[in-house]
Amino acid sequence: MSTETAGLLYAYNPATGHALGTVPATPIEDIPLVVERARAAQSAWAEVPLRERLRRLRGWYQLLARDADTWADLIRDEVGKPRGEAMGGDVVASLDAIRWTLRRTPRVLADRRIGTGWQRWLLLPSGRLRWRPWGIIGMIGTWNYPLLLNAPPIAQALATGNGVVWKPSELSPMCGERLQQSLDAAGFPQGLVAAVQGGADVGRALTEAAIDKGMFTGGVANGRRVLAGLAARGVPALAELSGFDPAIVLPDAPFDGTVRCLTWGAFFGCGQTCVAVKRVLVVGDPAPWAEALAGAADALRVGDPGSEPVDIGPLISSQARTRFDQTIRAAVDAGGRLLAGGFALDRPGWFYRPTVIAADGPEPEAALEGVFGPVVVVRGLTDPDAAIAAANSSSFALSASVWGRDRTVARRVARRIDAGMVAINDAVAPTAHAAVPFGGTKASGFGRTKGAWGLFEFVQTQTLYERGPGGFRPWLFPYSSLLERLMTIYRRLFHRTQ
Ligand code: NAD
């Protein structure tokens with residue numbers, strides 16, 4: 001976490017409240033200049049052959065891999081994650097995603113010839129599809145995965161020939177500074193990729209600068225503000241916003257194993273993971289599930305990942321914990337029964353006990369919608385249709401899971417859930433897959449990161465049509481009856497009616 005005073009962002013360890021260091025905030029008036037410099041570098045970068053761009057990116061990837069341990073320490077200290085989580089969920093997942101980009105971009109973005117098929121009888125030339133960068137990508141990031149949510153999209157944007165001006169979250173400025181230092185050390189052209197540091201005002205200035213495409217990761221309210229500003233200027237964007245993920249538990253789900261997985265899926269990253277399980281929708285009697293989840297939550301070790309063996313670290317800031325606690329109270333006021341947690345720890349750091357809430361109806365869920373912290377709500381539904389309707393009743397649709405032994409039934413349920421990503425008998429972990437697209441629908445945003453679909457976000461298509469000079473072109477002036485006769489024959493051949 002951090003605060004800003006006199007042009008400096010102060011970073012703190014959320015597990016201890018101790019200061020970690022300072023990072024200079026970028027003066028607002030400098031931001032158009034940073035974007036201008038990136039543009040000057042980008043026009044030459046776009047002309048650098050892909051193979052050479054990837055060679056430079058490989059150098060950066062190797063620096064990240066070399067510094068993996070330092071990264072895991074910094075993420076643990078600035079964000080408050082257990083080190084294994086920081087290493088697996090952030091560092092290794094980022095390296096994998098970048099490795100995928102280094103290996104697969106040439107194939108995904110190879111020029112493609114698009115033949116004319118039956119339309120060759122219209123004497124059309126074939127097309128050749130090329131991919132061109134947008135120009136300058138303005139990225140606004142968040143803190144919960146300070147490497148994963150920034151480094152892989154930066155890699156994909158640079159690989160595709162764009163320049164990048166990016167704003168790390170003000171809650172993880174030291175991770176942002178280190179990431180930019182690694183990019184500087186990798187020797188990209190001066191100014192091509194630059195971080196601007198600060199809070200919402202710096203983010204706003206970046207979206208108002210001359211960027212060609214925006215990418216926002218964060219909460220819905222701020223995301224929509226940013227999207228509205230960009231839309232007013234005709235600048236496109238992709239938006240990775242909040243989730244409120246359902247887990248549908250079918251009657252044949254194996255009890256112990258599913259409880260273990262759901263506990264991890266709910267409380268991984270202290271529940272501050274956009275794809276965390278937040279709503280457990282049990283088909284049948286929810287009571288045994290709610291009690292088992294509460295028992296498992298009570299057994300979790302909460303504490304400072306820097307000094308004790310723990311499962312769960314702190315929330316990111318005092319404000320985040322206050323907001324979280326207020327949301328838990330609202331869910332209880334709406335009829336939710338607290339079975340585990342529901343209180344902050346009385347010690348330094350922003351700790352909160354993992355919380356399990358049992359609900360008899362949808363009201364507690366509505367009070368929790370979009371919550372970002374260690375809580376899961378459990379409720380029973382009479383049949384799979386009712387569970388699917390409950391899952392789809394949220395305005396959020398980032399990811400979801402279905403739990404059950406019969407994979408055919410589970411698959412049938414999964415296909416009917418509104419979400420960008422649905423897992424069967426799994427949660428959170430599959431999103432580390434380097435090749436699959438990541439992103440949500442409905443209020444959770446649009447656009448995709450990672451894999452081929454992530455690359456496509458950073459390019460526009462250009463079609464080249466080519467033919468030799470001259471040749472038979474019956475559609476040119478002056479018109480004669482020939483054109484109509486030929487078109488009639490063509491229509492009869494290819495658009496025959498029954
Ligand atoms: P946030 O919306 O408070 O801030 C996100 C970023 O936007 C920060 O860098 C912030 O400085 C900037 N910002 C805020 N207001 C702005 C404005 N008006 N103009 C420009 N920039 C502005 O979110 P947060 O607290 O950093 O992150 C938590 C949220 O992010 C949660 O809701 C979580 O679900 C979501 N999230 C989504 C994903 C995803 O991939 N879908 C991933 C992680 C987190």
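All values below were derived from every heavy atom in this structure, side-chain atoms included, with hydrogens, water molecules and symmetry-related copies excluded. Remember, it's 1-based here, ligands and their atoms both numbered in the order they're listed.
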- Query: Which residue holds the protein heavy atom closest to atom 18 (N) of ligand 1, what is that atom called, and what is the gap in Å?
  - Reply: Arg204 NE, 3.9 Å

- Separation of Trp166 CH2 from Ile154 CD1 (nearest 0.5 Å): 5.0 Å

- May I ask whether Thr207 has any heavy atom positioned less than 4.0 angstrom from an atom of ligand 1? no

- Counting heavy atoms only, which part of Tyr145 comes closer than 4.0 Å to ligand 1: side chain, backbone, both or neither? neither

- For Asn222, atoms of ligand 1 separated by under 4.0 Å from a heavy atom: 1 (P), 2 (O), 3 (O), 14 (C), 15 (N)

- Task: Do me a favour and list the nearest non-hydrogen protein atom to atom 7 (O) of ligand 1 with residue, atom name and distance?
- Result: Phe216 CE1, 3.1 Å

- Query: Hey, is Arg39 close enough to Asp212 for a salt bridge, meaning N to O under 4.0 Å?
  - Reply: yes

- Can you find a pair of side-chain heavy atoms, one from Leu281 and one from Val249, that are under 4.5 Å apart? no

- Message: Checking a contact table here: which protein heavy atom is nearest atom 38 (C) of ligand 1, and how many Å away?
- Response: Cys274 SG, 3.2 Å

- the protein heavy atom lying closest to atom 26 (O) of ligand 1 turns out to be Thr142 OG1, 2.8 Å

- Message: Students should be able to answer this: which protein heavy-atom is nearest to atom 32 (O) of ligand 1, and at what distance?
- Response: Ser242 OG, 2.8 Å

- Nearest neighbour of atom 13 (N) of ligand 1 from the list Ala200, Gly420, Ser172, on a heavy-atom basis: Ala200

- Out of curiosity, Arg279 CZ to Ser393 OG, how far, rounded to the nearest 0.5 Å? 5.5 Å

- Message: Has Gln197 got a side-chain atom pairing as donor or acceptor with Glu170's backbone, closer than 3.5 angstrom?
- Response: no

- For atom 25 (O) of ligand 1, grab the closest protein heavy atom and report residue, atom and distance to one decimal in Å. Trp143 NE1, 3.5 Å

- What about Arg225: any of its N or O atoms under 3.5 Å from an N or O on ligand 1? no

- Query: Any ion pair linking Arg321 and Asp325 (charged N to carboxylate O, less than 4.0 Å)?
  - Reply: no

- Query: Do any nitrogen or oxygen atoms of Leu241 lie less than 3.5 angstrom from nitrogen or oxygen atoms of ligand 1?
  - Reply: yes

- Query: Between Ser182 and Trp60, is any side-chain donor less than 3.5 angstrom from a side-chain acceptor?
  - Reply: yes

- For Ser169, the atoms of ligand 1 under 4.0 Å from one of its heavy atoms are 9 (O)

- Message: Below 30° counts as parallel, above 60° as perpendicular, anything between as tilted: where do the rings of Trp45 and Phe188 land?
- Response: perpendicular

- Query: Is any NZ, NE, NH1 or NH2 atom of the basic residue among Arg99 and Asp96 found under 4.0 Å from an Asp or Glu carboxylate oxygen of the other?
  - Reply: no

- Message: Need the ligand 1 atom indices (1-based, order shown) with element for anything under 4.0 Å from a heavy-atom of Glu240.
- Response: 37 (C), 38 (C), 39 (C), 40 (O), 41 (N)

- Give the residue and atom name of whichever protein heavy atom lies nearest to atom 6 (C) of ligand 1, and the separation in Å to one decimal. Gly141 O, 3.3 Å

- Nearest non-hydrogen protein atom, atom 11 (O) of ligand 1: Glu170 OE1, 2.7 Å

- Gln272 and ligand 1 - part of the residue with a heavy-atom distance under 4.0 Å: neither

- Interatomic distance, CZ@Arg53 vs CG@Asn162, rounded to 0.5 Å, equals 8.5 Å

- Query: Do Asp311 and Arg301 meet the salt-bridge criterion of a basic N to acidic O distance under 4.0 Å?
  - Reply: yes

- Item | Tyr12 OH to Trp350 CH2 distance, which is reported to the nearest 0.5 Å | 10.0 Å

- ligand 1-proximal atoms of Leu149, by part, heavy-atom distance under 4.0 Å: side chain

- Nearest heavy atom to atom 31 (C) of ligand 1: which of Phe396, Phe372, Phe244 does it belong to? Phe372

- Query: Which of these, Thr217, Asn144, Val226, Ile140, has its nearest heavy atom closest to atom 5 (C) of ligand 1?
  - Reply: Thr217

